[in-house]
Each structure stands twice: as C-alpha cells, then as structure tokens.
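Per chain, numbering begins at 1; letters A, B, ... match sequence-line order.
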Amino acid sequence: VTDVGLSDDAYVADTRSFAIFFLLKCGEPEQHLRATSVWGDFEVAADAIDTTGGIYRALPMPTGLQELSQAINGTFQGVEFALSGVGITSDFLQLATIDRDLVNGAAIHVGLMDLDDRQQPIGGVDWLFEAQAGWPKVQRSGSGARAIRTMSLPATAAFKDRHLAPIAYLTPQGQRSRSPTDAFCDNTPAYSAISTITWKGE
Amino acid sequence: MTRVLPLCFALRGEMTWSNPGAFVSGGQSVFNSEPLTRRTDGGGGWMAALRGTALNTPGRQKTWNAITTLINLGDDKLIVPFPGFRLKPGFAGSLADTPWSDDTPFDDDSLFASGSGYGTLNADVALRATEMQVVLPADGSLEGGEPFSLTGPTYGTRLYMVAAVTDVTGLVATITFGPPAREAYTAGLEVDFEQPRCTMRAVIDQSEGAYPVFGRSKFASASMTFVETWT
C-alpha cells in the first residue's frame with residue numbers, strides 16, 4: 001500500500017529511548033512552564049505547540065505519571081499529574097499557592113520525543129496529549145523526617161464534558177456564582193424528592 | 001560553598017556508583033526473553049551509595065559527624081569524588097613530586113605534588129551533546145572507559161565517562177561520552193581526568209545509618225546515599 005506511505009520503507013522501528021515533555025501554558029501574557037523526564041536540561045526548538053521553545057528542566061523521576069487514557073470510548077476520567085518530594089521546587093510551590101488562579105484552566109501538553117542510542121533527539125516532539133488544568137493541590141503525608149509533600153494537578157482533556165448535566169440540582173451557590181444577585185434557587189436545599197411541599201398563600 | 005566529600009569516604013569498596021535510570025516497561029514479551037523496556041531518562045544520572053563505612057578511628061568519626069552536620073545545616077550539595085584508580089588514563093593517576101624551580105624542596109624536605117591528568121576542550125560542547133574533542137597532554141592517550149569531570153557555570157562539576165575514542169589527530173582526541181552533557185561547555189575548559197567527581201546531594205532520609213550508633217567498643221559504621229542534583 002505504497003499509496004498511503006505505509007510501505008516497508010516508511011516503517012521506522014521505535015528506538016529504545018524516549019523523553020517525555022510536560023508543558024504548562026498559563027498567565028497573561030502567556031508563560032510556559034517546562035518539565036521533562038530526562039535527567040538534566042533538555043533544550044527543545046520552537047514548534048506549533050511550544051511556540052517559543054526553551055529548556056525543559058528535569059523532574060527527579062516520572063513516578064507520578066498516570067496512564068494517559070486519551071480514550072474515545074467514553075471512559076476517560078481525567079488525569080492527575082503528581083510530583084512528590086524533593087522535585088517540588090519553589091517555582092512549583094508558587095504555582096500551587098500564589099499563582100493558583102493562573103494555573104486553573106491553563107493548557108497542559110504532554111509530548112514524546114524518540115532518542116537515538118546516543119540519547120540524541122530524533123525529530124521534534126510529538127505532542128500527544130492536551131488537557132486543561134484544574135486547581136493545583138498540595139498534600140503532605142507522613143510526619144517528621146519522612147514526611148512527603150506531593151503536589152498534584154488535576155487535568156481534563158476535551159473528551160470530558162465539564163458542563164452541568166442537563167438534569168441536575170440547581171444549588172443556591174451555583175446560581176449565585178452564575179448570577180450574583182439572583183435569589184431564585186435559594187430555597188432549593190429545602191426541596192427533596194420524598195417531601196411534600198405545601199404551597200401556602202393565595 | 002559546595003564542599004567536597006573527603007576522599008577516605010569515597011574509596012572503592014566503600015562506595016558503589018551506579019546510573020539507575022528510569023524505564024517504562026512494555027509488558028510481557030512473546031518468548032519471555034528480551035524485556036520490552038524503553039528508557040525515559042535521557043541517559044540518566046549518577047547515584048553513589050556508601051554502605052557501612054567503618055568509623056574506626058577518632059578522625060573518621062569526627063569527620064563523619066562534621067559532614068552530616070555541615071550538609072544538614074547549610075547547603076546540602078556536596079562534591080563526591082569518583083574513585084578512578086585503574087580506570088584513569090595512563091597520563092593521570094599518579095602525582096609527581098616536583099621541587100621548586102631551583103631544585104630545592106620545602107623546609108621539611110617535602111615536594112610539590114603535581115598532576116598531569118588534565119586535558120582541555122578543543123571545541124565548544126553543546127547542551128546534551130555526547131561527543132567532544134579533547135586536547136590531551138603530550139604522550140597522553142585514551143582508550144575508552146576513563147572517567148572525567150567538567151566544571152560548568154550552572155551545574156558545577158559533573159562526572160562523565162569516555163565511551164569510545166573515534167578519532168585521534170595529533171594530541172586532539174575525538175571521543176564519545178556519557179551521560180549527555182549537563183550544560184554547554186566552552187572551548188578551553190579543563191577536562192579533569194586526575195580527580196573525577198560529581199556534584200551530588202545526600203539523601204539523608206533514605207540513608208539508614210547516616211547517624212552512627214557507637215557500640216561499647218567505640219566502633220561504628222555509617223551509610224549514606226548520594227544522588228546527582230539539579231536544584
């Protein structure tokens with residue numbers, strides 16, 4: 001089937017090494033936060049996603065990387081990027097605390113790049129996954145010298161619908177957030193499927 | 001200031017070096033033979049483990065106490081010497097005794113110790129490059145397998161290994177090395193084959209026995225793990 005470029009000539013076997021790149025675009029003007037699974041710095045040239053290019057910094061080990069299910073069968077649940085322990089630098093902490101508002105809704109891209117047997121790049125980064133960041137969280141588990149601080153960033157891809165379901169309870173808080181002066185839903189907590197509502201007054 | 005771990009704690013037999021790496025497993029292979037793994041660390045980094053080094057003299061005990069106190073109270077970074085020994089190239093490894101220029105020694109008959117185990121970079125080395133040109137000292141040669149270190153402005157002193165010598169023209173040897181260059185290095189930089197070393201960080205909380213327990217014989221042993229650091 002040479003017509004569509006699937007001949008043996010076009011086949012390129014996977015190399016035994018690859019690098020994972022994480023790109024977070026947030027803020028106005030847009031700033032790029034770059035991290036990679038590679039130990040050490042990795043400079044990547046500009047492309048369609050990372051429009052300026054730059055140096056990706058080492059994460060200690062990609063231990064907190066979940067399975068990225070970019071499923072189109074409807075089972076996609078969203079993912080959570082987690083970073084534990086000494087990998088949390090003041091930059092990351094600032095994102096989780098001071099710059100929380102910038103991070104929520106920021107674009108996250110995850111890409112791969114094949115590396116040859118001398119660990120040199122083959123081609124550019126294949127940006128495989130795009131998602132929208134939620135609110136970052138910082139957790140601390142354990143105690144004393146063994147306490148581990150974990151920073152996590154929930155993210156959802158386009159396959160997950162973030163809209164309110166068509167049939168849903170309208171809460172006073174939800175209505176107030178949409179329309180601050182509208183008191184229409186203020187009494188909805190009093191409603192229940194098994195209670196009988198007595199309408200009074202004429 | 002980045003301190004240097006005393007060489008007595010970095011000798012071979014005391015300290016084991018490794019490049020553990022990070023891999024993604026591809027699951028079961030058909031014949032259960034070749035594991036399907038792919039490397040994701042881009043060449044990895046160095047880890048050094050000191051296991052049960054003997055604190056058997058007052059000097060070693062005090063030195064160890066001073067180390068754990070210093071790196072805990074201040075900058076945790078530490079330069080850890082790599083025990084080269086027989087891995088060193090022929091032109092390095094032994095320090096020559098050198099007198100003053102008028103052939104006289106010091107007052108106590110001791111001499112200068114001078115080493116010749118240094119090369120220089122012949123051309124710039126880019127970030128993450130794995131090939132470079134070294135100007136070797138006269139009569140110097142490399143075979144592959146030699147450890148060396150480069151000191152850059154951002155990440156300090158880093159440890160590398162010669163993978164292969166691909167070309168020799170006069171005193172200039174073209175070599176491949178690993179792990180990939182931690183930062184860009186400029187031509188003329190010293191290539192240290194004499195005392196290869198690496199900037200690392202002690203992982204105190206994963207080091208059982210960083211704080212030794214002294215028995216009744218006043219003997220103790222201590223352990224610590226060091227990891228190449230980026231922060």
*Pick one: which of B:Leu7, B:Leu5, B:Leu11 meets side-chain contact (heavy atoms from CB on, under 4.5 Å) with B:Phe9?*
B:Leu5
_Under 4.0 Å between a side-chain nitrogen and a carboxylate oxygen: does that hold for B:Arg197 and B:Asp192?_
no
*asked:* Taking B:Arg158 first and then B:Glu228, would you say they form a salt bridge - that is, a charged N and a carboxylate O separated by under 4.0 Å?
replied: yes
*Name the region of B:Thr229, side chain, backbone, both or neither, that has any atom closer than 4.5 Å to a heavy atom of chain A.*
neither
_Taking side chain as everything from C-beta outward and backbone as N, CA, C, O, which of these in A:Glu43 sits under 4.5 Å from a heavy atom of chain B? Side chain, backbone, both or neither._
both
*Is the B:Phe193 to B:Phe91 ring centre distance short of 6.0 Å?*
yes
*Measuring heavy-atom distances to chain A, does B:Ala163 have an atom under 4.5 Å in its side chain, in its backbone, in both, or in neither?*
side chain
